[in-house]
Every structure is written in structure tokens, then in C-alpha cells.
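Throughout, numbering of the chain's residues begins at 1 and tracks the sequence. Nothing here was measured: the structure is a model prediction, and the numbers come from that model.
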Amino acid sequence: MTRTDSPEDILPPGSVALVGAGPGDPDLLTLGAVKVLGAADVVVYDALVSDAVLDHLTPDCERIFVGKRGGHPSVHQTEISEKLITLAKAGRRVARLKGGDPFIFGRGGEEACCLAREKIPFRIVPGVTAGIAGPAYAGIPLTHRGINSNVGFFTGHESAETSSLGGEESPFSQDWAAIGRTFPVLVLYMAMKHLPEITQGIMAGGRRADTPVAVIRWATTPDQITLVTTLGRVVADVATHGLKPPAIVVIGEVVGFRDTLRWRQDRDPTRDDPPGRF
Ligand code: SAH
């Protein structure tokens, strides 16, 4: 089978590509993502997709925003899936562009299931997830020989459907005490709202209050802020410095490497030390 890079092959009319946009820096787009974005005639995108990434669309590509911005609620998930189906059935070349990786806490699986049910051809273009790129841009290696041999990725904001306890979105179906004992390094997405319960749970499980923690906001963008603190202090420090989502929280000894490995000019609100070079 030969493979060419014509738009017909990359994204045929009537098909959908679920594309990971990465966390913000367009350098983190894959070659596959750039190809698909160049072939799409309509893109359906979320709030966490940066303008620098959208610059890779062709000028005549139609842009449909389905995220939450400026206090307006986000478009409901079923409406997004229906929109993708309608566009594909109309013969469009559809790119569904999602922040980070589409299958990491991004509901990409749900959208792909809807496309599969409707027998709409689709492809998946993985992206660099914020929980991996953010720590790297902050100078934090998520694994380091001699320190940890595993790392866990968690959401601090489970939906009612996935929470075993039911109810509104809550972090409580995860046993944070057990998780904190099991995983030497934790990477938390969507954790800012429930940070008090999460950190208390982890400490109740035996993790020391002086365990290093980093909160990385707007990771990989020119506005990246990296707050370095501890498990015991993180809630107060986040409040003092007014840190809001979107942020990745990293918990574990590997955070300490930032002192040596900081390479980027990301702002640290608690320190005056010189930033990295780039
Ligand atoms: N699919 C995305 C995650 C979507 S969930 C991915 O793979 O990265 C949304 C959460 O991701 C945010 O609440 C935040 O915790 C995290 N996130 C996404 N982009 C981010 C960024 N640029 N900086 C910090 N956190 C980010």
C-alpha cells in the first residue's frame, strides 16, 4: 500500500481526526498533527488549544470553538459529538483539536465511540499531554533512577458518571491516602478546586508535609508559572499567589531537581532566583 501526503489521504472528505494539540507551545505539535491541520477544512477546538497552535490552520479553514471561556458554559459533550457527526456526514474534512493528548482526561474516547457508532471514518493523532510536557518545561524529571520506578497520573475532578460514590463532580472516589502511599510521584490534572481534600488525604496516608510539590500553570506557554512548595503548604501558597487553573500539580521528591534543572524563563512567584536561559 502506498501512502501519500495528499489531503485525500491525510483526511478524506467525510472523516474526522481527533488531534492532540499539546499543552500550548506549538513546538510540541507532532508532524502528524501539522499535516492534519493543513488538510482540514473545519476545526472544532477547545479552550485549552493555544492561538499559536491555531496558526497552523489554513486561512480558509472554518473554526468552531466549543470550549468554556469568559464565564460562558462549555458546549455540552453530546452536542460536540453531534456536531462532529453532522460535519462529517456533510462531507467535510474535520479536525477535532483537543488540548494535550485527546485520550488523556480529554473525553476523546467518548467522541471516538460516537464516530465509531455512526461508522464515520476517524483517525487519532496523539498529542503531548500537559502532565508530561509541563514538568519537563519546569525542569522536573518525572522519573529519576534511584528515586522512583513509577509515576501516576490522576484527575482531581471526577465526573459523576465515573465516581463510584456518585453525586456531583468530586474527588472522593479516589482513595488519596492509598494513592499517596503507592505512588512516589503523582501528576494531578484538574486538581486545583479540590486541592485541600486531596493533599489532606495524601498526608493522612503517611506522606510527609515537607514532600516537595510543584504547581505548573499555563505549562509550555510564554505565561508559564511554576510554584514550588510542599504538600503541607501548597493550599496556602496557591491562595496567596492567586494561582488558578489550568495547572498541573506534581507531588514527590523529583520536584527537587528543578533547582538544578530549571532551564526556562518560567516565573516562580515564591522565589527571586534567576530564571533559566530560554
Ligand atoms: N487532554 C489534556 C488534559 C485535559 S483535562 C492533556 O492531555 O493535557 C484539563 C486539565 O489539563 C487542566 O485542568 C489542567 O490540569 C491540565 N492542563 C491542560 N493544559 C495545561 C497547560 N497548558 N498548563 C497546565 N495545565 C494544563
Counting only N and O atoms by type, is there a donor-acceptor contact under 3.5 Å from the side chain of [X] to the main-chain atoms of [Y]?
X: Asp175; Y: Ala178; value: yes
X: Arg262; Y: Asp266; value: yes
X: Gln174; Y: Thr155; value: yes
X: Thr129; Y: Ile132; value: no
X: Asp101; Y: Gly127; value: yes
X: Lys98; Y: Gly20; value: no
X: Arg96; Y: Val44; value: yes
X: Trp218; Y: Pro245; value: no
X: Ser81; Y: Thr78; value: no

Run the side chain to side chain contact (heavy atoms under 4.5 Å, CB included) check on Leu54 and Leu97 step by step: do they pass?
CA-CA 9 Å; Leu54 294 174; Leu97 192 55; 4.0 Å; yes
Do [X] and [Y] come within less than 4.5 Å of each other through their side chains, counting heavy atoms only?
X: Leu11; Y: Lys35; value: no
X: Lys244; Y: Met192; value: no
X: Leu57; Y: Arg63; value: yes
X: Pro212; Y: Arg258; value: no
X: Trp176; Y: Leu188; value: yes
X: Asp41; Y: Cys61; value: no
X: Val94; Y: Leu84; value: yes
X: Gln265; Y: Phe278; value: no

Kindly write out the residues that satisfy salt bridge (Lys or Arg N to Asp or Glu O under 4.0 Å) with Glu118, not counting sequence neighbours, or none if the list is empty.
Lys89
Set of salt bridge (Lys or Arg N to Asp or Glu O under 4.0 Å) partners for Asp25, sequence neighbours left out:
none
Please test Arg264 against Gln224 for side chain to side chain donor-acceptor pair (under 3.5 Å), starting from the C-alpha separation and ending with a verdict.
CA-CA 10 Å; Arg264 216 169 162 254; Gln224 178 171 321; 3.1 Å; yes
Report yes or no: do His76 and Glu79 form a side-chain donor-acceptor pair below 3.5 Å?
no
Polar contact flag, side-chain donor to acceptor under 3.5 angstrom, Tyr137-Thr226:
no
Atom [atom1] in [X], atom [atom2] in [Y]: separation rounded to 0.5 Å?
X: Leu37; Y: Leu29; atom1: CG; atom2: CG; answer: 6.5 Å
X: Ile198; Y: Met203; atom1: CD1; atom2: CE; answer: 11.5 Å
X: Asp268; Y: His241; atom1: CG; atom2: NE2; answer: 8.5 Å
X: Ile251; Y: Thr199; atom1: CD1; atom2: OG1; answer: 7.5 Å

Check for me, please, whether [X] and [Y] land in the same ILVMFWY cluster - side-chain distances under 4.5 Å, paths through other members count.
X: Val228; Y: Ile147; answer: yes
X: Leu227; Y: Leu186; answer: yes
X: Phe122; Y: Ile10; answer: no
X: Phe154; Y: Val234; answer: yes
X: Val213; Y: Val187; answer: no

Which heavy atom of [X] sits nearest to which heavy atom of [Y], and what is that distance?
X: Pro141; Y: Val254; answer: O-CB, 3.1 Å
X: Gly24; Y: Ser50; answer: O-OG, 2.8 Å
X: Val49; Y: Gly99; answer: CG2-N, 3.9 Å
X: Ile80; Y: Glu111; answer: CG2-OE2, 3.8 Å
X: Pro13; Y: Arg93; answer: CD-NH1, 3.4 Å
X: Ala40; Y: Ala95; answer: CB-CB, 3.7 Å

Side chain to side chain contact (heavy atoms under 4.5 Å, CB included) between Val125 and Thr30, intermediate numbers included:
CA-CA 8 Å; Val125 182; Thr30 65; 3.7 Å; yes
List the residues meeting side-chain contact (heavy atoms from CB on, under 4.5 Å) with Ala239, not counting sequence neighbours, and say none if there are none.
none
Any chance you could lay out the salt bridge (charged side-chain N to carboxylate O under 4.0 Å, His left out) test for Asp259 and Arg271, step after step, and finish with the verdict?
CA-CA 11 Å; Asp259 287 341; Arg271 298 177 187 201; 2.9 Å; yes
Let me see the working for Ile225 and Ile216 under side chain to side chain contact (heavy atoms under 4.5 Å, CB included), right down to the final yes or no.
CA-CA 6 Å; Ile225 294 176; Ile216 309 163; over 6 Å; no
Between Cys114 and Ile85, does a side chain to side chain contact (heavy atoms under 4.5 Å, CB included) hold up when you go through it step by step?
CA-CA 8 Å; Cys114 292; Ile85 291 164; 4.3 Å; yes
So among Asn148, Val250, Asn150, which one has a side-chain contact (heavy atoms from CB on, under 4.5 Å) with Leu142?
Val250
Within the 6.0 Å centroid threshold, strictly below: Tyr45 and Phe65:
yes
Only counting residues at least two apart or in another chain, list the ones meeting ring-ring contact (aromatic ring centres under 6.0 Å, His included) with Phe153.
none
Pairwise salt bridge (charged side-chain N to carboxylate O under 4.0 Å, His left out) hits with a residue in residues 217-234, at least two apart:
Arg233-Asp237
Is there any salt bridge (charged side-chain N to carboxylate O under 4.0 Å, His left out) pair reaching into residues 202-212, and which pairs are they, with sequence neighbours excluded?
Arg208-Asp210
Parallel, tilted or perpendicular, as decided by the 30° and 60° cut-offs, for the rings of Phe257 and His144:
tilted
